[in-house]
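Take a look at the structure set out below.
This structure is a prediction, so every number in the text was calculated from the model and none was measured.
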Amino acid sequence: MNAAGSGQHHATRFLRTTGQHATIEADTLVDGGYILSIGGAEQSHVNLADPSDIFYEYLRRIGHVVDLAAEPGRPIRALHLGAGALTLARYIQATRPGSEQYAVELERELLDFVLQKLPMPEGTVLTTQIGDARESLVGLPDQVMFDVVILDIFSGPEAPEHIACREFYEEAAARLQPEGILIINVGDEPALTLVRSQVAALRQAMTDVAAFAEAGMFAGRYPGNIVLVGTGKQWPSEWTTQLLARGPHPAKVLTGVELDSISA
């Protein structure tokens, strides 16, 4: 494909871990856009022409939470547990040049495929690791601490138990700087069973927790994504104001007693 200099708009790679095929194809509606699909289902979207432009709403919301991690433009250190097409790593490099980033991905073929076909922006400082998210987190050098840790591997009842738990969140929190943020994307079914359990677990591991999503998601009427955010300090009310202003709209942020409504 054009991104990899092969002159093609479609590429495929077999993923041995899942036994599925990953494909990358050009987005015919967005110049510079590419779509990563796994097993025929769209997983990620990247815009090589403008990596700060995020197509998927839940990823845009995560990007807006990352914006709160430090002053605009200041480089940060970020850990991505679940790499996908590295959409958020590209966003951080575009909005915070010089950031130091780490990415952990279970599928070796997927990470190699993405890096080959959709090269990272010039100047990106990215360390990649193949392996289980929890094992890889524990295996990082003791001195490596993060401003942001992003977990994006949950999908309804298929969430791995050794990661969807208080103990894992405590281990992740221990890797954060004092002002650091832990961000978890939870894809869930209408009953929000996984969201409720993860809010409860995260509240045991972090000082404060917020939930950020499309406003209708909290009614539990349809499946979708809710972004959970854990902090080592009390959630600043101005963060809620900023997230609601940035959207995507309609947006809703739940904290404190409001969050009790979706806590297990």
Close side-chain approach of D152 and L59, heavy atoms under 4.5 Å: yes
Any donor-acceptor N/O pair, E214 side chain to G216 backbone, under 3.5 Å: yes
Passing candidate, side chain to side chain contact (heavy atoms under 4.5 Å, CB included) with I153, options L81, I163, L106: I163
Quiz item: cation-pi between R13 and F113, 6.0 Å / 45°: no
From CA spacing to verdict: side chain to side chain contact (heavy atoms under 4.5 Å, CB included), V229, L68: CA-CA 11 Å; V229 187; L68 304 174; over 6 Å; no
Step-by-step side chain to side chain contact (heavy atoms under 4.5 Å, CB included) determination, Q198 to F154: CA-CA 10 Å; Q198 297 316 294; F154 288 168; 3.8 Å; yes
Within 6.0 angstrom of D50 CG, more than 12 heavy atoms from elsewhere: yes
Minimal non-hydrogen separation, L115 against T128, with atom names: CD1-CG2, 4.2 Å
Student check: side-chain heavy atoms of T87 and Y56 closer than 4.5 Å: no
Closest non-hydrogen atom pair between L86 and A103, with its separation: CD2-CB, 3.8 Å
Cluster overlap I183 with M206, hydrophobic side-chain contacts below 4.5 Å: no
Cluster overlap L151 with Y58, hydrophobic side-chain contacts below 4.5 Å: no
Expected output: side-chain Q101 to main-chain A89 donor-acceptor under 3.5 Å: yes
Residues in ring-ring contact (aromatic ring centres under 6.0 Å, His included) contact with H45, at least two apart in sequence or another chain: F55
Check: H10 side chain, T23 main-chain N or O, donor-acceptor pair, under 3.5 Å: no
Test item: side-chain donor near acceptor, Y169 and Q204, under 3.5 Å: no
Under-4.0 Å salt bridge between R61 and E57: yes
Inter-residue atom distance T17.OG1 - R108.CZ, 0.5 Å rounding: 9.5 Å
Cluster check L48, L88: I/L/V/M/F/W/Y, side chain < 4.5 angstrom: no
Spacing of OH belonging to Y102 relative to CZ belonging to R77, to within rounding of 0.5 Å: 5.0 Å
For A211 against L259, the heavy-atom pair lying closest together: CB-CD1, 3.6 Å
Short side-chain to backbone donor-acceptor contact, D188 and L194, under 3.5 Å: yes
Spacing of L228 atom CG and F212 atom CZ [to the nearest 0.5 Å]: 12.0 Å
Test side chain to side chain contact (heavy atoms under 4.5 Å, CB included) applied to D147 and R74, step by step: CA-CA 11 Å; D147 300 292; R74 198 198 86 184; 3.7 Å; yes
Donor-acceptor contact below 3.5 Å, side chain R90 vs main chain A85: yes
Spatial distance of atom CZ (F14) from atom CD (Q20) [nearest 0.5 Å]: 9.0 Å
Within 6.0 Å of CD in Q234, more than 12 heavy atoms from elsewhere: no
Nearest heavy atoms of R96 and V66, plus distance in Å: NH2-O, 3.7 Å
Side-chain donor or acceptor of R134 paired with backbone N/O of H162 under 3.5 Å: yes
Main-chain N/O of T18 paired with E107 side-chain donor or acceptor, under 3.5 Å: yes
W235 and W239 aromatic ring geometry - parallel, tilted or perpendicular at 30°/60° bounds: perpendicular
hydrophobic_cluster_shared for M217 and L202, side chain cutoff 4.5 Å: yes
Non-hydrogen atoms of Q129 and S136 that approach each other most closely: NE2-OG, 3.5 Å
Spatial distance of atom CD (Q93) from atom CD (E100) [nearest 0.5 Å]: 12.0 Å
Cluster overlap I62 with F218, hydrophobic side-chain contacts below 4.5 Å: no
Exercise: identify the closest heavy-atom pair between V104 and D132: CG1-O, 4.2 Å
With I226, the side chain to side chain contact (heavy atoms under 4.5 Å, CB included) member among N185, I184, L192: L192
Residue pair H80, I92: steps toward the side chain to side chain contact (heavy atoms under 4.5 Å, CB included) verdict: CA-CA 11 Å; H80 306 266; I92 290 174; 3.9 Å; yes
Heavy-atom check, side chain of L36 versus side chain of K117, under 4.5 Å: no
CD1-NE2 distance between I38 and H21, expressed to the nearest 0.5 angstrom: 12.0 Å
Side chain to side chain contact (heavy atoms under 4.5 Å, CB included) partner of R175, chosen from D142, V138, L79: D142
Neighbour count >12 (heavy atoms, 6.0 Å) for atom CD, Q143: yes
